[in-house]
Amino acid sequence: MRKIITLLIASVIFSLSVQAKEGMWIPILLEKYNMEEMQQMGFKLTAEDIYSVNQACMKDAVIIFGRGCTGELISDQGLIITNHHCGFDAIQKHSSIENDYLTEGFWAKDRSQELTNDNLSVTFLKRIEDVTGQVLRGVTDDMEGRTDTIQKNIDALIKKATEGTHYKANIKPFFHGNQYFLSVNEVYNDIRLVGAPPSAIGKFGGDTDNWMWPRHTGDFSLFRIYADKDNNPAAYSKDNVPYKPLKHFPISLKGVKEGDFTMVFGYPGTTEEYAPSYHLKMITEKVNPELIDIRTKKLDIIKKYQIKDPAVRIQYASKAASISNSWKRWIGEIKGLDKLNAIDKKENFETHFQRWANENSKQYANLLNEYRASYQTYGDYRLAYSYITEAIFRNGMEAVQTSRNFYQLKNAYKKDTLDLEQIKRIKTDLEKKLTSFYKDYHQPIDKEMTVTILSMFKERIDPQFHPEIYTRINKKYKGNISKFVDHLFAKTIFADPQASLSFAKNFSAKDIKKLEKDPAYILYHSFYDAYKLKILDNYNALSAKIEELNRKYMAAQMKFQPDTTFYPDANFTLRVSYGKVKGYAPKDGVIFKNHTTLNGIIEKDNPNIYDYRVPQKLKDLYEKKDFGQYESQGTVPVCFVATNHTTGGNSGSPVVNANGELIGINFDRAWEGVMSDLMFNPEQCRNITLDIRYVLFLIDKFAGASYLIDEMTLVK
Ligand code: ARG
Ligand code: ASP
């Protein structure tokens, strides 16, 4: 009886998480787990239309774009669409003062004007396969060398899956290592930039509107895949021809309304839905509040100088955007989890789980205790690890970080016989790196950042993790960090572009000493040593321990709730999410509609606010109501929200309607729901989609590139 009650309570508690719309599902298992529900919700196609190895299907039109985004085919001539923020690097690399594509936008007038990109690839999935049995062959639960055995099995399977082909493959753990799936991929490398709107459209709203609804960002860019004459992947060549896809998405001009079925098909990166309460506590009470604080300070400093000088605003725009993106998400995540009482919910669940384990499954009875013990120390290490990353690896102390770039050069000169060719290469690379770094370097910002980072590290991080340098600062500068930094900036080579560049150019063996004596270099190494010697080993060991607990806890949860259909945490493999177009109530007294329009862009227009400057041409089109076939209710739809469960990596994903026609491009989530990476709340979690009609309107009317529209398959 007690057992039944326990199960009943557990299923009530967790009924939230098993709601229809939550989940990122594996394409080969749709028939088994989802198709009935999807069709009930309005979907008109079949599982085979989404994923099949026997016929061309939707998956043949979805790609990994670059390294961390999704994209999709929208013509039979290799045309692809993804987000502006996903194509941003490529667009920026082609931009210069003379051809400022970031500001002005870029539109190839014909194929010959498309721009080639080094280091940009797109990846097609050829097939997925459950290889759990083979990966876990000869593996037992607590055997020694477990990970090595698994790795060996994986290597062998990958070799077998790709032998004699040009395919690439990977095998990733699902359900935290309870299952393994093989993905076989085909990678194309000749990818050309076709078009991008000006940033005032593609990034409209900037960091102010980022992660927010209502939204008006025209977040898209267009590229084209090129192949050799046999349609196979090939390095760039002018003889390459547009790739002919097995499938491309038809595009619907019909739009969507409240309650309509939507599906997102792409590559969600990471979620942690099955973590214990200890994890949520660590994230929300210990680690992220600190990371939020340090980034708040970083952003304040940058902003202060940006307001004073428009040139600095441009220099630090991209850095500020990248600091701000996770910063803002973390803040929303804590709020969202709080509103959900997420920790209470988890603890409740754990109480019932524990009772069940004690009674029925002794092997799991100690899991939560082990978690508690591990998280006690893991939190400290994770905080120290993340803080060092903030200090010297990512948007931290810039001059200090830059000194690291001389490391390779130093090593080349330390060899017994000098390889002059190699040295020349290193120098050329280094000069390039330095030139592009100093183009966006503003010393006063860096100096203030350095003081702030060093002070905060000292204050906030447990002394056991402090780099040696603090002993020196205490001795030589009586603990006065500002004085130390004054001295550092007066002395170092790396806060000065000219000095730094000529140091690189003229570097020779005798300069090794000079480098090693540079205070920025010394500071970098002091932090790096602390990272290597005081943090990394334990951090990795604890992470591995927690991964092992995650594997067992996942299996245990599945046994505890045998009637629940679980979906695996995101792991940057191709997944299906489905839901409905739906507005929401972000707070008391407020209801958000499910879509925005061009009217809202005009409402936000403000020449005095950088994020809200609307290009004149867009205003003209609005005035003339020149909306063509993209018009709906007297305006152009811009973005809409729906209940699909998405995360980072889903950017650029196709959003399709019940007929599998493209209705938009996924690009963000609404702030009140960004805790969906840890716990989904169907009331508040919304993915934000760029309406395809706004995209087509911009291509056609704004850019005058209607030849691109002619390539597409429109459904009117
Ligand atoms: N929040 C979106 C995502 O996580 C868009 C990020 C790019 N935009 C920005 N303003 N930083 O990727
Ligand atoms: N903006 C994210 C991305 O770039 C999507 C998200 O986190 O919802 O993938």
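Counting starts at 1 for both ligands and their atoms, following the listed order.
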Q.
If the criterion is any heavy atom closer than 4.0 Å to an atom of ligand 1, which residues make the list?
A. His85, Lys203, Gly206, Asp207, Asn210, Trp211, Ala321, Asn325, Phe667, Asp668
Using a 4.0 Å heavy-atom threshold (strictly under), name the region of [X] that reaches ligand 2: side chain, backbone, both or neither.
{"X": "Trp211", "value": "side chain"}
{"X": "Val674", "value": "neither"}
{"X": "Arg329", "value": "neither"}

Does [X], at its [atom1] atom, have more than 12 non-hydrogen atoms belonging to other residues, nucleotides or ligands within less than 6.0 Å?
{"X": "Lys339", "atom1": "NZ", "result": "yes"}
{"X": "Asn119", "atom1": "CG", "result": "no"}
{"X": "Lys247", "atom1": "NZ", "result": "yes"}
{"X": "Lys168", "atom1": "NZ", "result": "no"}

Test your reading of the structure: does [X] have an N or O sitting under 3.5 Å from an N or O of ligand 2?
{"X": "Thr646", "value": "no"}
{"X": "Ser651", "value": "yes"}
{"X": "Phe667", "value": "yes"}

State plainly whether the residues [X] and [Y] are in salt-bridge range, i.e. N to O under 4.0 Å.
{"X": "Arg295", "Y": "Asp300", "value": "no"}
{"X": "Glu390", "Y": "Lys298", "value": "yes"}
{"X": "Lys203", "Y": "Asp611", "value": "no"}
{"X": "Glu672", "Y": "Lys335", "value": "no"}

**Q.** Tyr51 six-ring face occupied by Lys59 cation (under 6.0 Å, within 45°)
**A.**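 Positive - Lys59 is close enough to the ring of Tyr51 and near enough to its axis.
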Q | Nearest non-hydrogen protein atom, atom 9 (O) of ligand 2 | A |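 Nearest protein contact, heavy atoms only, for atom 9 (O) of ligand 2 is Gly649 N, 2.6 Å.
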Q. How far is atom 8 (O) of ligand 2 from its nearest protein heavy atom, and which residue and atom is that?
A. Arg669 NE, 2.9 Å
Q. Atom CZ of Arg67 and atom OG1 of Thr123: how far apart are they, to the nearest 0.5 Å?
A. 10.5 Å
Q | For Asn650, atoms of ligand 2 separated by under 4.0 Å from a heavy atom | A |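 Those of ligand 2 that fall under 4.0 Å from Asn650 are 9 (O).
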Q.
Suppose I only count heavy atoms of Gly648 and a 4.0 Å limit; which atoms of ligand 2 are within that range?
A. 2 (C), 3 (C), 5 (C), 6 (C), 7 (O), 9 (O)
Q) Between the side chains of Thr70 and Asn650, does any donor sit under 3.5 Å from an acceptor? A) no
